Amino acid sequence: MSSLQINRVLQIQDDPYALLSQEWLVTNGLGGYASGTISGAVTRRYHGFLTASLPAPLGRIVMLNHLSEQVIRSDGMRIDLTAEEYSGRRLHMPGSQYLKEFRLEMGLPIWRYDIDGVILEKRVLMPYGQNTAHITYELIEGDLLQLELRPSIHFRPQEATVEREFAKDYTLVVKDDLFEIHGGDPYPPLRLCICGEHAIFIMDRRKHSDIHFRVEEARGYPHTGHHWSPGAFALTMVKGKPSTLIASTESLEVIRSKLPQEAKEVEIRRRQVLLQSASPVLQNGMGAELVLAADQFIITPAGRPDESVSAKASGSDARTIIAGYHWFTDWGRDTMISLEGLTLATGRQQEAGYILRTFANHVRDGLIPNMFPEHDKTGVYHTADATLWFFHALHRYVSATQDRDTLRAILPKLIDIVEHHLRGTQFNIGIDPADGLLKQGAEGYQLTWMDAKVNGWVVTPRRGKAVELNALWYNAVRLLATWIRQEDGEHSTTWLQEIAEQAYDSFNTRFWYAKGGYLYDVVDGETGDDTACRPNQLLAISLDHEVLHKDKWQPVFETAKRELLTPYGLRSLSKDHPDYKLAYVGDLMARDAAYHQGTVWGWLIGIYIDSWLKVQPDAGPQAQQLLMGFDQHLNEAGIGTISEVFDAESPYTPGGCIAQAWSVGEVLRCLAKTASPPTLIQ
């Protein structure tokens, strides 16, 4: 096997505050994760060394929130490596002066401390498929020393605010070398143990009630929380003999199924296989890092275990895509947009099939789910575009794999979807028979991808006939007609041809905004036709079946380039619009007001590049150069991954989720696409 090694080394800045804005993420293939700041201080409600993904109604539960770390040198001197912040913005970061390096090795975080010549390394790993975290310390250079680790906890749902009271008093149960912390129903116990030399546990219960979460404060949420600790583990560190704190909600048999060193070797081999399976152009540099980042989003839905049982009974398996970390679950739209980049470009075709079949099983009333709530097994369906993106994702999958069995199995549902849209379905989603265009809109709902809603206010309702919905509808109808001809030649597709032709003619008549030289964002809206210049119009060019007449491609593309393009994607609204917001900051109301009103979205770089290559087919090298702007971003926010959004203007500060599936997926897809002449998909 190849010994592929992909590393990213960060330069530690003199300013310790910079360490508070750079975050790391490790995931477990179930939706669970470990995450925090490089400094070690918790700044979000989501930070901790173990957030377990458990069956509904529990969902994701924060279990191990923080570790205090103290080194005791051979001369008895204590060195505090801990980082914590307390109310009143009292920041305690003595360890920052000793942190000399932070790096990702094969996507996994490693800290390197130099304590007057004593070199200590820490690494975090989650065994794949387990709600388990390994925090490993290794003495690299120097004399024997002791390390004291104090775990702190606050069992709560990951989205619960930090001031939430403890469910009940915690109890500690000791079974030989296993320590169980019980927080009462409904939570499972947190199991802790040490693998290493000469470890003892010191009972010393403490409660901290004034912990400051600075990002929660900046986002307008309660920001003073509390942790409880049962005591501390004292470890004698010996050079060349790592010691590992294991934290888990799994059974003792699972925890001990692999020793930490074996678990590390297994995980590194798994990641090497991921790299070897990817497109050759993605096996080094930024592409390889994003292949590993892509792995964080592809999960078995642990919250819905019955789904896995049902899938396996039919010879398949259940898979889905987490839309973003830390707070998103699996969303239909995000899954379908990111599927090609996350799975097909990375050589994970089998899992792509699992994902498509998983969502096909949830089609209701001609719609796939908008999203699956954290604590529920049932999806919610308020989306007008996710179902149409499903056709696009299936087309790319079948073109890449020639898996006609999956296509044939899903085909009846695709016909049903189109029929539901023709006669109308939930949320007033349906085709206007007068012009064949897709309309949508229901009071109180946000049905397109521009879906911000806060306190009952739908920021960008876009009710009417939205430009990208009609581009997606036309593409879907054309694809369905092709599939029926290929798989069921006895049945006529004349009805689909007529639907597509009517939609095409109406689109080109209704959506062209001659005065601006681009496309209306919505026609027949609540206030008429909307002239807002948004990126949505590019989908009329970028999809495989283009609904926009070719003579309009160039002006639409040039307008998007001039008004919307940034180094990190496209603005969601042009600067000259009165609703334009230049920064995505503040409380929930302020952020949602800016979410789709100028804020840059990384995933939109994909439809921009697709359109560019339609307009200028030989532009691949320039398009790939544009993607290189993301390389520097891998050093900020979520290290080694791509954020959800960026401010609309320089310096394009990242915001939202630190790791977003469609951002990573679309950059990966475009890296592969622009590395060689594009493949035309028929």
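Please read these numbers as outputs of a predicted model, since none were measured by experiment.
Partners of Arg534 by salt bridge (charged side-chain N to carboxylate O under 4.0 Å, His left out), not counting sequence neighbours, listed by chain and number: Asp521. Partners of Thr300 by side chain to side chain contact (heavy atoms under 4.5 Å, CB included), not counting sequence neighbours, listed by chain and number: Leu30, Ser308, Arg319. With sequence neighbours excluded, the residues satisfying salt bridge (charged side-chain N to carboxylate O under 4.0 Å, His left out) with Glu487 are Arg404, Arg408. Considering only residues two or more places apart in sequence or on other chains, Lys614 meets the salt bridge (charged side-chain N to carboxylate O under 4.0 Å, His left out) condition with Glu546. Legend: residues meeting side chain to side chain contact (heavy atoms under 4.5 Å, CB included) with Asn508, ordered by chain and number and at least two apart, are Tyr504, Leu548, His549. Looking at residues two or more places apart in sequence or on another chain, you find a side chain to side chain contact (heavy atoms under 4.5 Å, CB included) between Asp524 and Asp435, Lys465, Arg510, Asp529. Shown here are the side chain to side chain contact (heavy atoms under 4.5 Å, CB included) partners of Gln622, two or more places apart in sequence or in another chain: Trp612, Gln616, Ala619. For Arg357, the salt bridge (charged side-chain N to carboxylate O under 4.0 Å, His left out) test picks out Asp403, with sequence neighbours left out. His491 pairs by the ring pair (Phe, Tyr, Trp, His ring centres under 6.0 Å) definition with nothing, not counting sequence neighbours.
Other residues, nucleotides and ligands contribute over 12 non-hydrogen atoms within 6.0 Å of the NZ atom of Lys413. Environment of OH in Tyr397: crowded, with over 12 heavy atoms of neighbouring residues, nucleotides or ligands closer than 6.0 Å.
Asp544 is listed as a side-chain neighbour of His392, based on a closest heavy-atom distance under 4.5 Å. With contacts defined as side-chain heavy-atom distances shorter than 4.5 Å, the pair Trp495/Val418 qualifies.
Between Tyr325 and Tyr33, a ring centre-to-centre spacing shorter than 6.0 Å is recorded. Between His633 and Phe646, the distance from one ring center to the other falls under 6.0 angstrom.
The salt bridge (Lys or Arg N to Asp or Glu O under 4.0 Å) contacts involving residues 374-395 comprise Arg60-Glu374, Arg333-Asp385, where partners must be two or more places apart or lie in separate chains. Listed by first and then second residue, the salt bridge (Lys or Arg N to Asp or Glu O under 4.0 Å) pairs that reach into residues 276-298 are Arg8-Glu289, Arg270-Asp295, Asp295-Arg348, sequence neighbours excluded.
A perpendicular orientation is assigned to the rings of Tyr513 and Tyr518, their planes being inclined by more than 60° (bins at 30° and 60°). Taking the six-membered ring where tryptophan is involved, the planes of Trp483 and His395 are tilted, since the angle between them lies from 30° to 60°. Below 30°, between 30° and 60°, or above 60°: for Trp601 and Trp449 the angle between ring planes is above 60°, a perpendicular geometry.
Between Arg462 and Glu468 there is a salt bridge, with a side-chain nitrogen of the basic residue lying less than 4.0 Å from a carboxylate oxygen of the acidic one.
No option in Trp603, Trp662, Tyr595 other than Tyr595 meets the side-chain hydrogen bond (donor to acceptor under 3.5 Å, both in side chains) test with Glu644.
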Please list, one pair per line, the donor and acceptor atoms closer than 3.5 Å that link side chains of residues 554-561 to other protein atoms, with sequence neighbours excluded.
residue : atom : partner : partner atom : Å
Gln554  : NE2  : Glu558  : OE2          : 2.7
Thr559  : OG1  : Pro555  : O            : 2.9

